[in-house]
Amino acid sequence: MNINQQLGKLKRGIFRIKKIPRFLILLIATIATIQFLILPALTQQPVKVQVLMSALEASQWQPFVEDFEEENPDINLEIREGPRATDAVEDLYSSAFLLGDSPFDLVYLDIVWVSKFAAAGWLMPLSDRITEDELSKFLQGDVNGGRYNGELYRMPFRSDGGMLYYRTDLLEQGGYEPPETFNELMQISQALQQQTGVEWGYIWQGKQYEGLSAMFIEILEGFGGFWVNPDTLAVGLDQPEAIEAVNFLLNTIEEGISPPGVTTYTEEETRLLFQNGKTVFLRNWPYVYDLASQPEESDIAGEFAIKPMVHQPSHSSGACQGGWGLGISKLTKHPDEAWKVIEFFNRPDVQKRFSLATGYAPALKSLYTDSELVAKYSYFPQLLEVLEKAVLRPPIAQYAQTSDILQRYLSAAITKTMTPEQAMNRAAQETRRLLGD
Ligand code: GLC
């Protein structure tokens with residue numbers, strides 16, 4: 001067949017196609033559109049992304065989850081409610097990962113879980129998803145707390161730092177300036193307990209749980225001591241400064257400045273005592289500020305202020321760096337959807353609204369000078385200063401066991417089952433054994 005014959009055949013073929021009735025072509029096109037475009041879109045379920053957090057925080061997140069889903073109709077963000085204490089939530093996540101079948105796509109991590117979870121291989125690295133420039137907009141301690149071995153595993157959502165709350169009305173009544181040192185805190189407490197009849201001087205978290213370690217490192221820092229050096233794994237719990245720190249806590253109980261029951265208190269019990277006007281001083285996190293400022297809930301609204309923790313004259317104060325943020329589970333099938341959730345909760349407008357609604361400290365630095373936030377929380381610029389100097393609990397893979405040991409022996413010392421020396425010597429020995437010394 002020559003070229004002309006071939007062309008002729010092709011034309012006849014095209015002619016034959018042209019002969020196919022229009023309606024048939026339309027029908028085929030319609031069926032194809034339904035089958036390949038419309039049906040999948042209609043039957044495709046949104047991707048489910050799950051995360052676990054304390055029931056309290058889950059309820060605070062809910063309105064934001066709704067906003068997220070409205071903006072991302074293809075993602076269904078499901079928050080599972082867990083217990084209140086950080087250790088208890090950590091246990092639930094850990095068991096799920098150990099079973100190798102975690103239902104959680106996202107992990108809402110306390111800053112102190114990062115090393116353990118990253119070392120165990122439970123989290124995906126995030127540094128490919130965000131630039132250092134973007135990261136520099138967040139508080140440095142919060143970002144650093146999300147790294148392990150130089151890799152980023154957690155994006156900070158909200159920051160936390162321990163601080164000293166004090167009753168401005170009582171201090172004024174007694175003619176006192178807010179205390180700077182441990183001794184001043186003890187003296188002012190005792191004087192005001194006598195002069196004003198306020199029941200207690202100083203309330204702190206003494207229950208055997210993570211909050212005890214968090215509170216203790218602030219006292220330790222104020223005495224110039226250290227717990228574990230993350231670089232050398234040296235342990236400082238049996239050093240004189242650490243024993244002095246434990247003695248300070250014990251003295252607050254023995255001198256009637258803190259109630260004996262303080263050894264069973266977590267954050268919430270201490271907040272309620274402060275709000276009910278039962279104490280001059282309180283150690284707690286920023287979330288208390290908003291709650292204690294509400295006249296319907298609090299007897300001391302407008303009668304208190306915050307400042308950095310007290311310290312020895314020769315040392316400076318240390319706030320414990322706390323805080324929460326999101327990581328992506330190594331087991332998730334939906335890392336990109338999970339990242340979309342992280343991006344949403346990192347947005348300045350979302351962090352701002354969340355902070356306005358709850359009083360939590362945002363992780364984005366610029367919000368501490370945001371006019372609307374400062375109008376509501378006049379202490380925010382000061383809080384920023386506290387957070388910028390916050391001290392991390394040792395970011396080591398064995399943190400959970402290290403903290404368990406400290407909690408056990410601190411509890412023994414403050415409940416007088418052991419002397420501070422005995423307790424801290426044993427705590428140091430056990431920690432050294434754990435860290436392989
Ligand atoms: C707060 C802090 C967290 C800390 C916990 C202790 O939630 O943000 O870092 O571990 O309190 O109770």
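As a basis for the values below, the full set of heavy atoms in this structure was taken, side chains included, without hydrogen atoms, waters or symmetry mates. Counting convention: from 1, in listed order, for ligands and their atoms alike.
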Pairs flagged by salt bridge (charged side-chain N to carboxylate O under 4.0 Å, His left out) wherever residues 67-81 is involved - sequence neighbours left out: Lys48-Glu78, Asp67-Arg353, Glu71-Arg347, Glu78-Arg80
Sort and list the pairs that fulfil salt bridge (charged side-chain N to carboxylate O under 4.0 Å, His left out) and have at least one residue in residues 87-107, not counting sequence neighbours. Glu90-Lys116
Less than 6.0 Å separating the ring centroids of Tyr289 and Tyr379? yes
Step through it carefully: locate the ring centre of Trp61, locate the ring centre of Tyr108, and say whether they are under 6.0 Å apart.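 When the ring centroids of Trp61 and Tyr108 are compared, they turn out to be within the sub-6.0 Å range.
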Output all residues satisfying side-chain hydrogen bond (donor to acceptor under 3.5 Å, both in side chains) with Gln190, sequence neighbours left out; order by chain, then residue number.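 Glu255.
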Are Asp336 and Arg129 close enough for a salt bridge, meaning some N to O gap below 4.0 Å? yes
Shell of residues surrounding ligand 1, defined by a 4.0 angstrom heavy-atom cut-off that is strict: Thr86, Asp110, Asp160, Tyr209, Glu210, Gly211, Glu267, Trp285, Gly322, Gly323, Trp324, Arg393
